[in-house]
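Accompanying notes for the structure given below.
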Amino acid sequence: MTLSLVEIYKSLLKRYGPQGWWPLIAHAGTNPTLRGRLTGYHPGNFELPNTEKQMLEIMLGGILAQNTSWVNAEKALLQLAQNDLIDIQNLIDTSVEQLAQLVRSSGYYNQKAARIHNLARYLESHPIRSLLSRTIAQVRPELRAIKGVGNETCDSILLYALKKPIFVVDAYTKKLLVRNGLISAISTYEEIQTLFHREIPQSVEIYNEFHALIVQHCVHCCLKVPLCDSCPLKELCQKLPFSAPKRGTKRSIKKDQR
DNA sequence: GCCCAGGAGCCCG
DNA sequence: CGGGCTCATGGG
């Protein structure tokens with residue numbers, strides 16, 4: 001007996017409540033109050049983003065957050081915002097070297113600066129406005145072709161910036177599903193995503209909330225060494241050999257992440 | 001000091 | 001296809 005994806009979603013939502021993703025920084029209108037929020041920016045409100053600037057901010061956040069804590073990524077995002085660089089043309093007009101210094105706090109800053117520049121040049125020829133009216137099948141290959149936009153970043157852009165119904169798979173998702181016995185540890189990104197698309201109603205709101213809940217759960221409970229006592233899923237979570245390493249040995253971690 | 005964070009690309013068998 | 005390596009800061 002294992003939990004279904006729908007049951008996991010319900011349990012996580014009941015435990016943690018609506019997460020309010022994507023965590024947009026507050027930079028409204030002409031008088032920006034640049035104050036970052038880590039979580040709960042707009043819980044239960046799926047109207048956002050509702051401007052192209054907010055959509056761009058999410059896309060940039062996706063790149064800046066690659067293998068990096070959101071706190072560090074957000075600092076970089078605030079630097080961009082303070083320099084009026086949540087703007088496609090301004091990004092293009094800024095050198096990669098200068099961008100790199102601004103996004104320094106997010107780590108991998110040289111790579112990320114180049115990736116942001118790549119994204120901006122793509123958006124120059126493919127305006128966000130035009131992307132909104134095209135299908136996932138049309139846009140996804142184009143985004144994936146941008147150097148620096150891999151599977152997760154691509155789908156984060158599609159779901160959270162462009163509000164298209166596609167599920168975002170990340171390392172947390174894989175860990176959670178492996179531990180709950182829903183997938184094998186060698187499942188590919190596409191296999192895991194297909195599972196969500198098959199089992200979960202194809203709703204932008206639900207995909208948004210579910211992914212955010214998985215991050216919340218994995219950051220606070222289903223850690224590398226999981227805190228199973230307080231886990232909302234503990235009743236039916238599979239006690240697989242690799243699911244709860246006693247100690248974070250290199251071997252056990254490697255196996256766990258595979 | 002060590003570990004890790006919402007990855008991605010490249011290289012090599 | 002897949003493992004291994006590289007990229008890098010800041011917080012616990």
Side-chain angles (χ1 to χ4, degrees), chain A residues 12 16 19-25 36-41 57-80 96-97 99-119 122 140 143-161 166-177 184-193 196 207-227 245 247-258:
Chain A
L12 295 181
Y16 301 111
Q19 297 299 299
W21 272 37
W22 184 281
L24 286 161
I25 61 175
R37 298 279 302 272
L38 303 183
T39 59
Y41 179 70
E57 176 188 323
I58 292 172
M59 297 182 196
L60 297 175
I63 290 175
L64 293 171
Q66 288 168 357
N67 201 37
T68 301
S69 68
W70 177 248
V71 175
N72 279 1
E74 190 184 54
K75 286 176 185 169
L77 201 50
L78 285 167
Q79 286 300 308
L80 294 181
V96 174
E97 291 73 20
L99 286 179
Q101 287 314 306
L102 292 171
V103 302
R104 199 166 175 279
S105 70
S106 70
Y108 311 119
Y109 50 84
N110 289 312
Q111 285 186 347
K112 287 178 179 175
R115 291 173 183 185
I116 284 171
H117 223 264
N118 294 341
L119 173 68
Y122 167 75
R140 195 176 195 284
L143 290 175
R144 284 292 282 106
I146 300 170
K147 265 193 185 132
V149 178
N151 281 325
E152 185 189 339
T153 306
C154 175
D155 293 338
S156 291
I157 289 172
L158 289 169
L159 176 64
Y160 289 105
I166 188 163
F167 195 83
V168 178
V169 177
D170 63 359
Y172 289 149
T173 309
K174 187 169 186 174
K175 175 171 69 176
L176 182 67
L177 266 54
S184 121
I186 59 169
S187 303
T188 65
Y189 186 98
E190 190 182 8
E191 288 167 352
I192 299 171
Q193 186 175 55
F196 278 87
Y207 286 173
N208 173 323
E209 198 65 74
F210 201 173
H211 175 76
L213 285 165
I214 288 172
V215 173
Q216 165 73 19
H217 178 60
C218 287
V219 166
H220 293 101
C221 180
C222 201
L223 312 176
K224 189 171 292 290
V225 179
L227 310 175
R247 307 248 324 127
T249 64
K250 281 201 173 145
R251 181 172 295 278
S252 66
I253 291 170
K254 265 282 191 284
K255 197 168 184 179
D256 190 41
Q257 288 180 335
R258 204 178 321 149

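Note on naming: letters A, B, ... go to the chains in the order of the sequence lines (proteins, then strands), and numbering restarts at 1 for each one.
Two rings, from A:F196 and A:Y207, have their centers 6.0 Å or more apart.
Between the side chains of A:R104 and A:N72, no donor-acceptor pair of N or O atoms lies under 3.5 Å.
Put simply, CZ on A:F210 is 18 Å from P on B:dG6, counting in whole angstrom units. Between A:R104 atom CZ and C:dC7 atom C1' there is a gap of 14 Å when expressed in whole angstrom units. Rounded to an integer number of Å, the gap from A:N110 CG to B:dG7 P is 20 Å. Rounded to a whole Å, the CG atom of A:N72 is 10 Å from the P atom of C:dT9. Summarising the geometry, the separation between CG on A:L77 and C1' on C:dT9 is reported as 16 Å, rounded to the nearest angstrom. As rounded to whole Å, 15 Å separates atom C1' of B:dG9 from atom CD of A:E152. The CD1-P distance, from A:I186 to C:dC1, rounds to 14 Å in whole Å.
Looking at heavy-atom distances under 4.0 Å, A:I146 makes contact with sugar-phosphate atoms alone, never a base. Nucleic acid contact for A:K75: sugar-phosphate only, since backbone atoms but no base atoms lie under 4.0 Å from a heavy atom of the residue. Residue A:T153 is in sugar-phosphate contact alone, with no base atom involved, counting any heavy-atom pair closer than 4.0 Å across all strands shown. Residue-level contact check: A:V168 touches neither bases nor backbone, having no heavy atom under 4.0 Å from any strand. Nucleic acid contact for A:G107: base, since at least one base atom lies under 4.0 Å from a heavy atom of the residue. Across all strands shown, A:S156 has heavy atoms under 4.0 Å from base atoms, whether or not it also approaches the sugar-phosphate.
Look at A:Y172 and you'll find a side-chain N or O under 4.0 angstrom from OP1 or OP2 of B:dG6. Under 4.0 angstrom from either OP1 or OP2 of C:dT6 there lies no side-chain N or O belonging to A:Y108.
In this pair, A:W21 lays its aromatic ring flat on the base of B:dG6, centres within 5.5 Å and planes under 30 degrees apart.
Under the 3.5 Å distance criterion, the side-chain polar atoms of A:K112 are matched with a main-chain donor or acceptor of A:Q66. A:K175 places a side-chain N or O within donor-acceptor distance of the main-chain N or O of A:C222, the cut-off being under 3.5 Å. Panel note: side chain A:K174, backbone A:I192; no donor-acceptor pair is recorded below 3.5 Å.
Using the Watson-Crick or G-U wobble rule with both distances under 3.5 Å, B:dC11 pairs with C:dG3.
Of the candidates A:R144, A:Q193, A:H211, A:D155 forms a side chain to side chain contact (heavy atoms under 4.5 Å, CB included) with just one, namely A:Q193.
For the pair A:K147 and A:H211, both in contact range of DNA chain B, the more 5′-proximal nearest nucleotide belongs to A:H211.
Distance check on atom C1': B:dC4 versus C:dC7 gives 15 Å, rounded to whole Å. C:dG12 and B:dG6 have their P atoms separated by 13 Å, with the value rounded to a whole Å. For the P atoms, the distance from B:dC10 to C:dA8 is 15 Å, rounded to whole Å.
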